[in-house]
**Student:** 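One structure, pasted below without further comment.
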Amino acid sequence: MSLDGEHTAPQLITYADRLGGSLSGVTELLRGPFAGAFGGVHLLPFFRPFDGADAGFDPEDHREVDTRLGTWQDVRELSGTHGVMSDLIVNHVSAQSPQFRDVRRRGDASPWRGMFLTMGSVFPDGATEMDLAAIFRPRPGLPFTAMDLGGRRHLVWTTFTSAQVDLDIRAPQTWAYLIGIIDRLTDAGVSMLRLDAAGYVGKTAGTTCFLTDEALAFIRRLRSYASERGAATLIEVHAHHTQQVQLAEAVDWVYDFALPPLVLHALVAGDAAPLADWLEVRPANCVSVLDTHDGIGIVDVGRNPTLPGVPGLLSEPQIDALVEAIHRNTDGTSRLATGAAASNLDLYQVNSTFYDALGRDDLRYLLARLIQLFLPGIPQVYYVGLLAGSNDVELLQRTGVGRDINRHHYGPEEIEAALLRPVVAAQLAALRLRAAHPAFRGDFTYRVEGARLELSWRHGSDCARLEIDVADLSHQIYVTHKSGHLEFSDVLKLGTEPERS
């Protein structure tokens, strides 16, 4: 496959308030100590308010920048040197949005009434027990919250929390609302849109209400409009790996959410076979991650209730062993933040930093990062992962939110200290290699033999190759260079003087 290196350079994923303190602070880091490592940045929600019930994913109006973080001009300034990705939250809005507050007050008399989904919107003649039991939701219980709309009691559709009310994508008000956001984002220089929770947008009676034909058609419609505005789309869906392959045909980019648990399994169990199975079918247009602002997904490699009888990439015993290994490696802190603990509603994710999930082992961690960086697509690196951060148990205890264990607030002194750590310096060196080396603009091949994994790129006379034995952790990086060939047999020394041949 041929890929354009300029468009597949690594991206940083970050909250503006938790790294840099503001939009301009993020820009300073990308142009300063992170220079050359990233071609773009996924700015996690910076809308008003960025610190709501779901860390910005419940904005009252995400056509407005929260003034505590900056302005649209700050976004445009950043877009001058880095590609900017922003979230387009397509499934829901805040229950505190002006539109929904008007519906709460006026009910059917509100011009916004059709914008919001209720149980009756999908089941006008009522729903059977089987209808309701079939609805797929990533959280326990049914996706409804009883609310008064204009003095009448309704079951409002709330897929995630009662603070986030679902949109009815059939309503013209919803389409006008969403394209208004796209217009505002692209006017500010945003060139990539992450379609948040897109799998849940099409609720259809008699289905699981997840990844329905209606949802896929709406995603294609959004993609078409975004393309007219000069923006690419990335769909955010945690699903069975075969569904990710299907989704890759509907959008510009799809997440490789299977990669994190597969890489963890490989480096914990010394077994590369499941990863090899994924590489056989993995789409070329993947955005790869090891960790994000959410947890480490398990549903992405296991069985999925929407596809009964279809196996996952990992068996149930392998998943159980992996989850227990993560809990051991984190000295139990991930267990405090996962499942029913810490009021956590994402039962299919393990909450931990990726660094802690590998037992704070610098070698395994850097090998995991290199596997990610040597795969096709766009590699994204979460800010906590970039700084090899550990679980923030203090923040977890303070907020009671499981995912906060991997959402540390970094001050300037902490960032400076982290940059001095060899594991962070080695990551930045690897990112700069991935961003700049011409081989990554060419053709990708791979080979797996037992525990040995080889990932190679070639573009003309330029090549880059990574070899890893996931069992004994022996490895080698080989890249062409203007002065000959460079080799590294110790990833911990990346960024220092290499071996030359």
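Count residues from 1 along the sequence. Because the structure is a prediction, the values reported are computed rather than measured.
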**Student:** Just verifying a value: how many Å separate D196 CG and H62 NE2, rounded to the nearest 0.5 Å?
**Tutor:** 8.5 Å

**Student:** If you look at every heavy atom in I135 and P143, which pair is closest and at what distance?
**Tutor:** CG2-CG, 3.9 Å

**Student:** Salt bridge (Lys or Arg N to Asp or Glu O under 4.0 Å) with D87: which residues, sequence neighbours excluded?
**Tutor:** R194

**Student:** Report yes if some heavy atom in the side chain of I319 is under 4.5 Å from a heavy atom in the side chain of L322; otherwise report no.
**Tutor:** no

**Student:** Does any N or O in the side chain of R137 come within less than 3.5 Å of the main-chain N or O of P140, such that one atom is a donor and the other an acceptor?
**Tutor:** yes

**Student:** The test is side-chain contact (heavy atoms from CB on, under 4.5 Å); show your working for Q243 and L307 and say whether it passes.
**Tutor:** CA-CA 9 Å; Q243 292 171 308; L307 295 174; 3.8 Å; yes

**Student:** Looking only at atom types and distance, does a side-chain atom of Q427 sit under 3.5 Å from a main-chain N or O of L386, one as donor and one as acceptor?
**Tutor:** yes

**Student:** Run the salt-bridge test on K203 and D168 with the 4.0 Å N-O cut-off and return the result as yes or no.
**Tutor:** no

**Student:** Has the side chain of N351 got a donor or acceptor atom that lies under 3.5 Å from a matching backbone atom of A337?
**Tutor:** yes

**Student:** List for me each residue that meets ring pair (Phe, Tyr, Trp, His ring centres under 6.0 Å) alongside Y200, sequence neighbours excluded, and say none if there are none.
**Tutor:** F160, F210

**Student:** Quick check: does any side chain N or O of D320 sit under 3.5 Å from a backbone N or O of P317, one acting as donor and the other as acceptor?
**Tutor:** no

**Student:** Take F440 and F374 through the test ring-ring contact (aromatic ring centres under 6.0 Å, His included) and record every step on the way to the result.
**Tutor:** CA-CA 8 Å; F440 292 103; F374 268 76; 5.3 Å; yes

**Student:** Aromatic rings H408 and Y410: how do their planes relate, parallel, tilted or perpendicular, breaks at 30° and 60°?
**Tutor:** perpendicular

**Student:** Short question: side chain of T14, backbone of A16 - any donor-acceptor pair under 3.5 Å?
**Tutor:** no

**Student:** Yes or no on salt bridge (charged side-chain N to carboxylate O under 4.0 Å, His left out) for D51 and R18, after CA distance, side-chain angles and deciding distance?
**Tutor:** CA-CA 11 Å; D51 52 356; R18 301 181 192 226; over 6 Å; no

**Student:** Measuring from L373:CG to I477:CD1, what's the distance to the nearest 0.5 Å?
**Tutor:** 9.5 Å

**Student:** Quick check: closest heavy atoms across P260 and V289, and the distance to 0.1 Å?
**Tutor:** CG-O, 3.2 Å

**Student:** Using side-chain contact (heavy atoms from CB on, under 4.5 Å), reason through V237 and L247 one step at a time and then give a plain yes or no.
**Tutor:** CA-CA 9 Å; V237 174; L247 286 169; 3.9 Å; yes

**Student:** Could you give all pairs that pass the salt bridge (charged side-chain N to carboxylate O under 4.0 Å, His left out) test and reach residues 371-395, with sequence neighbours left out?
**Tutor:** E394-R398

**Student:** For a ring-ring contact (aromatic ring centres under 6.0 Å, His included) check, start with the C-alpha distance between F488 and H475, then their side-chain angles and the critical distance, and finish with the verdict.
**Tutor:** CA-CA 8 Å; F488 294 87; H475 58 277; 9.9 Å; no

**Student:** Contact between L155 and T145 at the side-chain level, heavy atoms closer than 4.5 Å - yes or no?
**Tutor:** no

**Student:** Would D331 and T333 count as having a side-chain donor-acceptor pair, cut-off 3.5 Å?
**Tutor:** no

**Student:** Would you mind reporting whether L19 and L12 have side-chain heavy atoms less than 4.5 Å apart?
**Tutor:** yes

**Student:** For the residue pair Q164 and D54, confirm or rule out a side-chain donor-acceptor distance under 3.5 Å.
**Tutor:** yes

**Student:** If we ignore hydrogens and angles and just use 3.5 Å, is the side chain of T338 paired with the main-chain N or O of R335 as donor and acceptor?
**Tutor:** no

**Student:** Rounded to the nearest 0.5 Å, what separates atom OG1 in T445 from atom CG in L455?
**Tutor:** 8.5 Å

**Student:** Return yes if a side-chain donor-acceptor contact under 3.5 Å exists between N391 and Y355, otherwise no.
**Tutor:** no

**Student:** For a salt bridge (charged side-chain N to carboxylate O under 4.0 Å, His left out) check, start with the C-alpha distance between R220 and E249, then their side-chain angles and the critical distance, and finish with the verdict.
**Tutor:** CA-CA 10 Å; R220 291 189 180 97; E249 300 175 1; over 6 Å; no

**Student:** Do D356 and S390 get their side chains close enough for a donor-acceptor pair, meaning under 3.5 Å?
**Tutor:** yes

**Student:** How long is the straight-line distance from CG of L275 back to CD1 of I371, given to the nearest 0.5 Å?
**Tutor:** 6.5 Å

**Student:** Does any donor atom in the side chain of N406 or T353 lie under 3.5 Å from an acceptor atom in the other side chain?
**Tutor:** no

**Student:** Regarding S121 and T118, is there a side-chain donor-to-acceptor distance under 3.5 Å anywhere?
**Tutor:** yes

**Student:** Assess, by modelled atom type and distance only, whether the side chains of H327 and S334 contain a donor and an acceptor separated by less than 3.5 Å.
**Tutor:** yes

**Student:** Verify the distance criterion only: is there a donor paired with an acceptor across the side chains of S489 and Q476 at less than 3.5 Å?
**Tutor:** no

**Student:** Under 3.5 Å, side chain of S227 to main-chain N/O of R223, donor-acceptor pair present?
**Tutor:** no

**Student:** Looking only at side-chain N and O atoms, does R369 offer a donor or acceptor that is under 3.5 Å from a partner on Y365?
**Tutor:** yes

**Student:** Would you give the length of the straight line joining atom CG of D294 to atom CZ of R407, rounded to the nearest 0.5 angstrom?
**Tutor:** 6.0 Å

**Student:** One pair to check against side-chain contact (heavy atoms from CB on, under 4.5 Å): V310 and N304. What are the steps and the verdict?
**Tutor:** CA-CA 8 Å; V310 182; N304 190 293; over 6 Å; no

**Student:** Does L492 reach the side chain of V423, with side-chain heavy atoms less than 4.5 Å apart?
**Tutor:** no

**Student:** Without hydrogens or angle criteria, can the side chains of S474 and D469 be said to hold a donor-acceptor pair below 3.5 Å?
**Tutor:** no

**Student:** Looking at every non-hydrogen atom in both residues, tell me the closest pair between I235 and Y255 and how far apart they are.
**Tutor:** O-CD1, 3.4 Å

**Student:** Does any non-hydrogen side-chain atom of D256 lie less than 4.5 Å from one of R282?
**Tutor:** yes

**Student:** Between CD1 of I219 and CG of L211, what distance do you get to the nearest 0.5 Å?
**Tutor:** 6.5 Å

**Student:** E467 vs R465, test: salt bridge (charged side-chain N to carboxylate O under 4.0 Å, His left out). Steps then yes/no.
**Tutor:** CA-CA 7 Å; E467 299 174 6; R465 184 173 70 248; 2.8 Å; yes

**Student:** Look at the rings of F444 and Y446 and say which category their plane angle falls in: under 30° parallel, 30 to 60° tilted, over 60° perpendicular.
**Tutor:** parallel

**Student:** Would you say the side-chain atoms of H154 pair up with the backbone N or O of V156, donor to acceptor, closer than 3.5 Å?
**Tutor:** no

**Student:** Would you say V381 and F38 make side-chain contact, with heavy atoms under 4.5 Å?
**Tutor:** yes

**Student:** Verify whether one side chain among H238 and D300 offers a donor that lies under 3.5 Å from an acceptor in the other.
**Tutor:** yes

**Student:** Should the pair R221 and W175 be classed as cation-pi, given the thresholds of under 6.0 Å to the six-membered ring centre and 45° from the axis?
**Tutor:** yes

**Student:** Decide yes or no for T233 and L222: does some side-chain heavy atom of the first lie under 4.5 Å from some side-chain heavy atom of the second?
**Tutor:** no

**Student:** Could you tell me if the ring centre of W157 sits under 6.0 Å from that of F144?
**Tutor:** yes

**Student:** Would the distance check show the side chain of R364 and the main-chain N or O of L267 forming a donor-acceptor pair, the cut-off being under 3.5 Å?
**Tutor:** yes

**Student:** Is a side-chain donor or acceptor of R421 paired with a backbone partner of A388 at a separation under 3.5 angstrom?
**Tutor:** yes

**Student:** Within the 4.5 Å heavy-atom criterion, are D271 and Q318 side-chain neighbours or not?
**Tutor:** yes

**Student:** If we count only N and O atoms by modelled type, under 3.5 Å, do the side chains of Q11 and Q380 hold a donor and an acceptor together?
**Tutor:** yes

**Student:** So, for I169 and G202, which heavy atoms are closest and what is the spacing to 0.1 Å?
**Tutor:** CD1-CA, 4.1 Å

